[in-house]
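Inspection log for the structure reproduced underneath, given as structure tokens.
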Amino acid sequence: MLKLRTGHEQRQLLEQISLEDSYILYGNMYLRTDRSVVVTDSAQKELIAIGSYLKGMPFHAFSLHVVEGEENYEVEPMLSYLKEVLDGSLPDGQKGVLALAEPLLTRVQIPNILATYNPTAVHVYEKLGFVTVSSYAFIEFLF
């Protein structure tokens, strides 16, 4: 079941996302709530995936997190739901970029992939004395 989430509901969902594993989605939900459209997908009241669309970018920017234990996730129904929610601002046949934690690449089915980029992001928190390394994939696709 797909559901649009409000700012308050988005903050509650942050408990289910690891900042290190999904820092772009986390940032959209925590820092950019006014520009983010957040949708959850659940089955039998269990959360399966959280996705977001970030408004105001020069391209169609999506991010996705799939919870542990889910074998495969088909992103197309979520994209269709976002098109409905955004009421025409996501016309068919457009290019989009989906940010996804690299380990999820094999578990997420994305339609019409044009290219995949796998940069490694490194965040150094010198004041705290530790380094967080997270691999993200950016998938360019037609939706």
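Computed over heavy atoms, backbone and side chain alike; hydrogens, waters and symmetry mates excluded. The chain is numbered in sequence order, starting from 1.
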Where is the tightest heavy-atom contact between Ile110 and Val75, given as atom of each residue plus distance?
CA-CG1, 3.8 Å

Are Leu14 and Tyr26 side-chain neighbours, meaning at least one heavy-atom pair lies under 4.5 Å?
yes

Give the minimum heavy-atom separation between Gly51 and Leu25, together with the two atoms involved.
C-CD1, 4.2 Å

Once the angle between the rings of Phe143 and Phe62 is folded into 0 to 90°, is it parallel (under 30°), tilted (30 to 60°) or perpendicular (over 60°)?
perpendicular

Quick check: closest heavy atoms across Thr40 and Ile50, and the distance to 0.1 Å?
CG2-CG1, 4.1 Å

For the student: nearest non-hydrogen atoms of Glu9 and Leu4, plus distance:
OE1-O, 3.9 Å

Spatial distance of atom OG1 (Thr6) from atom CD (Gln12) [nearest 0.5 Å]
8.0 Å

For Ile48 against Ala43, the heavy-atom pair lying closest together
CD1-CB, 3.4 Å

side-chain hydrogen bond (donor to acceptor under 3.5 Å, both in side chains) filter on Asp92, not counting sequence neighbours, yields Lys83

Rounded to the nearest 0.5 Å, the CD1 atom of Ile24 sits from the CG atom of Leu64 at a distance of 12.0 Å

Does the side chain of Val108 come within less than 4.5 Å of Asn72's, by heavy atoms?
no

To the closest 0.5 Å, what do you measure between OG (Ser63) and CG (Leu100)?
9.5 Å

Side-chain donor-acceptor contact under 3.5 Å, Tyr81 with Asp41:
no

Using a 3.5 Å cut-off and no angle test, enumerate the donor-acceptor pairs between side-chain atoms of residues 29-38 and protein atoms at least two apart in sequence or in another chain.
unit_1: Arg32; atom_1: NE; unit_2: Asn28; atom_2: OD1; d: 2.9
unit_1: Arg32; atom_1: NH2; unit_2: Asn28; atom_2: OD1; d: 3.2
unit_1: Arg35; atom_1: NE; unit_2: Lys55; atom_2: O; d: 2.9
unit_1: Arg35; atom_1: NH2; unit_2: Lys55; atom_2: O; d: 3.3
unit_1: Ser36; atom_1: OG; unit_2: Asn28; atom_2: O; d: 2.9
unit_1: Ser36; atom_1: OG; unit_2: Arg32; atom_2: O; d: 2.9

How close do Gln16 and His65 get, counting heavy atoms only, and between which atoms?
O-NE2, 4.0 Å

For the aromatic rings, using the six-membered ring if either is Trp, is the centroid distance between Tyr117 and Tyr136 under 6.0 Å?
no

Indicate yes or no: at least one non-hydrogen side-chain atom of Leu79 is less than 4.5 angstrom from one of Phe141.
yes

With hydrophobic residues grouped by side-chain heavy-atom distances under 4.5 Å, do Leu142 and Leu90 end up in a single group?
no

Atom pair CG (Leu82) and CG (Leu2), whose distance is rounded to the nearest 0.5 Å:
8.5 Å

Mind checking whether Leu114 and Ile139 sit in one hydrophobic cluster, side chains of I, L, V, M, F, W, Y counted as touching below 4.5 Å?
no

Could you tell me whether the side chain of Arg107 reaches within less than 4.5 Å of the side chain of Glu71, counting heavy atoms only?
no

Say you draw a straight line from CG of Leu13 to OG of Ser52; how long is it, rounded to the nearest 0.5 Å?
11.5 Å

Rounding to 0.5 Å, atoms CG (Leu86) and NE2 (His60) come to a distance of 10.0 Å

